[in-house]
Amino acid sequence: MTNSSLILSVTDLYGGYVPGVDILQGVTIGVQESELVTIIGANGAGKSTLARAVFGLVGISRGTIEFNGKPIGGLAPEKLVGLGMGYVPQVANVFPSLTVNENLEMGAFVCKNIKERKQEIYAIFPALARRHQQKAGTLSGGERQMLAMGRALMVSPKLLILDEPSAALSPILVKEVFNLIKEINRQGTAILLVEQNARQALAIADRGYVMDSGKVAYSDTGAALLNDRKVEELYLGFRTS
């Protein structure tokens, strides 16, 4: 991994929700252009806190965050969207009283060709196209997750941050969502995927980081981490077959 190819660089990052109480304890990660990188770890390891810190939602006490080679630490989320970063939170990620169509338009405030971009999003998510006039609050959990991703993609981000996209979904929907994440990445969008579903996340990732107590405990290719016996024992649980 070379610095010239990094779209996101996080170096020695400390931060948290309360001033003086750092959940992140010196985290260093990177995402290359068009790469799919996953962050895994136990509950409370700091995975989601890291995603929120990158997107300007959590305070930073030390360290640096660079996007496309420029420092972005402390910038507001709307500024980051304008620079080419998208973020999909785990919960409260759609406007339930608005239609699918209206939700997508809400994500298009820096999009010049809204109608054309919506058609591109509907091509990625055909289920949304079939429900374009349906209220988001009436969608299934999987459809809401697709809509949240689709809205973030309306501005054609260079980097998409996904926070636990498989949370509370059935195994069938989890598989569908992961296939969609792979397709979004295949089309050229770099992805930082925070996931509790560690095995499936590592299976589709180019690289992965394992977080523990606010620090990076392991980092390697997705395949290498998936087959590392120590990582399996500590963070994945032994296979049953």
Side-chain angles (χ1 to χ4, degrees), residues 7 31 33-36 38 48 51-52 54-57 76-197 200-201 204-205:
I7 189 170
V31 180
E33 295 179 3
S34 302
E35 189 178 33
L36 200 167
T38 190
S48 292
R52 293 167 189 158
V54 170
F55 199 62
L57 298 171
E78 59 268 23
K79 295 288 186 182
L80 297 176
V81 172
L83 292 174
M85 186 183 295
Y87 171 71
V88 179
Q90 179 181 347
V91 296
N93 54 18
V94 299
F95 298 98
S97 64
L98 301 181
T99 66
V100 168
N101 214 40
E102 290 167 339
N103 265 272
L104 293 181
E105 291 173 356
M106 288 293 287
F109 68 97
V110 295
C111 181
K112 295 180 180 178
N113 301 305
I114 296 178
K115 185 176 180 179
E116 179 181 332
R117 186 57 181 158
K118 277 196 297 184
Q119 293 310 308
E120 293 171 350
I121 298 302
Y122 285 140
I124 299 172
F125 305 102
L128 297 183
R130 294 190 294 269
R131 292 165 173 75
H132 68 282
Q133 292 297 343
Q134 190 169 324
K135 293 289 181 66
T138 67
L139 299 176
S140 69
E143 290 164 346
R144 285 196 298 271
Q145 195 59 254
M146 293 176 201
L147 180 55
M149 289 192 285
R151 191 177 72 239
L153 289 170
M154 280 293 292
V155 295
S156 301
K158 300 179 181 70
L159 172 68
L160 180 62
I161 302 171
L162 301 172
D163 189 1
E164 304 278 9
S166 75
L169 298 183
S170 69
I172 292 175
L173 288 176
V174 168
K175 183 177 180 180
E176 185 175 359
V177 166
F178 272 79
N179 284 337
L180 288 168
I181 292 170
K182 287 194 295 183
E183 175 59 21
I184 293 166
N185 178 245
R186 189 192 66 78
Q187 294 187 16
T189 302
I191 292 177
L192 180 61
L193 171 64
V194 171
E195 251 303 325
Q196 191 67 29
N197 197 324
Q200 292 197 48
I204 67 169

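Predicted model only: the values in this text are computed from it and were never measured.
- Using modelled atom types, no side-chain atom of R52 and backbone atom of P89 make a donor-acceptor pair closer than 3.5 Å.
- Between S34 and G188 the shortest heavy-atom distance is OG-O, 3.3 Å.
- With a 4.5 Å cut-off on side-chain heavy atoms, L104 and L147 count as touching.
- Taking all atoms of both residues into account, the shortest heavy-atom contact from I7 to K158 is CD1-CB, 3.4 Å.
- Between the side chain of E164 and the main chain of Q196, a donor-acceptor pair closer than 3.5 Å is present.
- Within the 3.5 Å criterion, the main-chain N or O of A190 finds no donor-acceptor partner in the side chain of N185.
- One distance of note links CG of L159 with CD of E33; it measures 11.0 Å at 0.5 Å rounding.
- With rounding to the nearest 0.5 angstrom, the CD atom of E120 is 8.5 Å from the CG atom of N113.
- I121 has its side chain out of reach of K118: every pair of non-hydrogen atoms, C-beta onward, lies at least 4.5 Å apart.
- Each of Q145, R131, M146 was checked for a side chain to side chain contact (heavy atoms under 4.5 Å, CB included) with L139, and the lone residue meeting it is R131.
- The CD1 atom of I191 sits 7.0 Å away from the CD1 atom of I204 when rounded to the nearest 0.5 Å.
- Annotation: ring pair (Phe, Tyr, Trp, His ring centres under 6.0 Å) contacts involving residues 81-106, sequence neighbours excluded, comprise F55-Y87.
- The nearest pair of heavy atoms linking R117 to M154 is CG-O, 3.1 Å.
- Between L169 and F178, every side-chain heavy-atom pair lies at or beyond the 4.5 Å cut-off.
- The closest side-chain donor-acceptor pair between E195 and S166 falls under 3.5 angstrom.
- Within the 4.5 Å cutoff, the side chain of P165 has no heavy atoms near those of the V88 side chain.
- In this structure, R130 and P126 have side chains that are in contact, with non-hydrogen atoms separated by less than 4.5 Å.
- With values rounded to the nearest 0.5 angstrom, T138 atom OG1 is found 8.0 Å from E143 atom CD.
- Side-chain contact between I124 and Q187: present, with at least one pair of heavy atoms (C-beta onward) separated by less than 4.5 Å.
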